[in-house]
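Heads up: the structure comes next, in structure tokens.
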Amino acid sequence: MSAFLLSVHVLAAILTIGPVAVTASMFPRFARLALDKPTDPRRGAVVRVLHRITRNYAVIGALVPVFGLATGASIGVLGDAWLIVSIVLTAGAGAMLIAVVLPGQRRTLRCLDVGAEPADLARVAPRLGMHAGFFNLLWAIVVVLMIYRPGSTTGVGL
């Protein structure tokens, strides 16, 4: 059962967190392009699709920690430091996505809808990129911890 849970956990991470990381990173660039040419409906459509992908995959991505906890419980590592740190970082990444990245994207879409000045978005877009980068950094650290597992007795790690 542990192998099955681990397989589902890894697949869920690849198939859900990957798209969120990519679309969150692409959003600021395409938002700037859309505001540079607000009369081009294709540019606005791209930004809306990126937001929709980020939002929908984020919801589905909630399966990743669920299966991660189930896997950790099945192999008896819930008390290991590397897993506790990973859980905290995962919670931080989720909070960053829910509280900062997605609301920032929604604010940007509102700017596009009401025809805000490019100067308005010029203040928002760089922060969106920074927040998406921080979100991605948290996930990269979690991935390293999941693979390297410091203190593991499996021969991987220290």
Side-chain angles (χ1 to χ4, degrees), residues 3-72 82-150 156:
F4 172 75
L5 289 171
L6 180 60
S7 298
V8 172
H9 173 62
V10 171
L11 280 172
I14 291 168
L15 297 175
T16 63
I17 305 303
V20 170
V22 171
T23 57
S25 296
M26 291 173 63
F27 186 92
R29 176 180 182 266
F30 284 96
R32 281 191 295 273
L33 290 174
L35 277 170
D36 285 346
K37 209 177 219 184
T39 57
D40 185 352
R42 292 175 296 167
R43 291 186 180 192
V46 168
V47 175
R48 283 177 182 75
V49 167
L50 289 172
H51 173 65
R52 191 173 325 127
I53 291 169
T54 304
R55 185 188 65 226
N56 292 341
Y57 276 78
V59 170
I60 299 166
L63 292 174
V64 175
V66 169
F67 281 104
L69 288 171
T71 302
W82 65 269
L83 187 60
I84 294 167
V85 171
S86 294
I87 291 168
V88 169
L89 293 175
T90 297
M96 170 74 66
L97 183 63
I98 292 167
V100 180
V101 174
L102 288 171
Q105 288 182 354
R106 281 193 295 274
R107 277 192 304 277
T108 303
L109 289 174
R110 278 195 300 275
C111 286
L112 285 173
D113 290 341
V114 298
E117 295 296 318
D120 294 336
L121 190 66
R123 290 191 325 267
V124 174
R127 283 184 271 157
L128 277 175
M130 177 187 68
H131 295 139
F134 189 64
F135 169 78
N136 289 336
L137 177 64
L138 290 173
W139 277 113
I141 294 168
V142 169
V143 168
V144 169
L145 286 171
M146 291 289 149
I147 293 170
Y148 191 63
R149 301 182 321 170
V156 178

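Not measured: the values here are computed from a predicted model.
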> Given the rule in the side-chain contact (heavy atoms from CB on, under 4.5 Å) test, do V66 and H9 qualify, once you have shown the distances and angles that lead to the verdict?
Replying inline: CA-CA 8 Å; V66 169; H9 173 62; over 6 Å; no
>> Using side-chain contact (heavy atoms from CB on, under 4.5 Å), reason through H51 and T23 one step at a time and then give a plain yes or no.
In response: CA-CA 7 Å; H51 173 65; T23 57; over 6 Å; no
>> For a side-chain contact (heavy atoms from CB on, under 4.5 Å) check, start with the C-alpha distance between I141 and V85, then their side-chain angles and the critical distance, and finish with the verdict.
In response: CA-CA 10 Å; I141 294 168; V85 171; 5.8 Å; no
>> Could you walk me through whether F134 and V100 satisfy the side-chain contact (heavy atoms from CB on, under 4.5 Å) test, starting with their C-alpha distance in whole Å, then the side-chain angles of each, then the deciding distance to 0.1 Å, before giving a yes or no?
In response: CA-CA 11 Å; F134 189 64; V100 180; over 6 Å; no
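Between T90 and V64 there is no side-chain heavy-atom pair separated by less than 4.5 Å. Between V101 and F27, the closest side-chain pair of non-hydrogen atoms is not below 4.5 Å. Taking the side chain as every heavy atom from C-beta outward, V47 and R43 never approach each other to under 4.5 Å. In this structure, the side chains of V22 and I53 stay at 4.5 Å or more apart for every pair of heavy atoms. Within the 4.5 Å cutoff, the side chain of L97 has heavy atoms near those of the T54 side chain.
The heavy-atom pair separating L102 from A58 by the smallest distance is CD1-CB, 4.5 Å. Here the closest heavy-atom approach between residue G129 and residue P28 is recorded as N-CG, 3.5 Å. Summarising the geometry of T16 relative to G61, their closest heavy-atom pair is OG1-CA, 3.5 Å, with the distance given to 0.1 Å. Minimum heavy-atom separation, S86 to V142: O-CG2, 3.9 Å. A31 and T108 make their closest contact through CB-CG2, 3.6 Å (heavy atoms, listed as atom of the first residue, atom of the second, distance). For the pair A132 and A24, the tightest heavy-atom approach, listed with the atom from each and the gap, is CB-O, 3.4 Å.
For the atom pair L137 CG and L89 CG, the distance stands at 9.0 Å (nearest 0.5 Å). Once rounded to the nearest 0.5 Å, the distance linking CZ of F30 with CZ of R42 reads 12.5 Å.
Checked against S25 for a side chain to side chain contact (heavy atoms under 4.5 Å, CB included), the options N136, V20, L50 give a single hit: N136.
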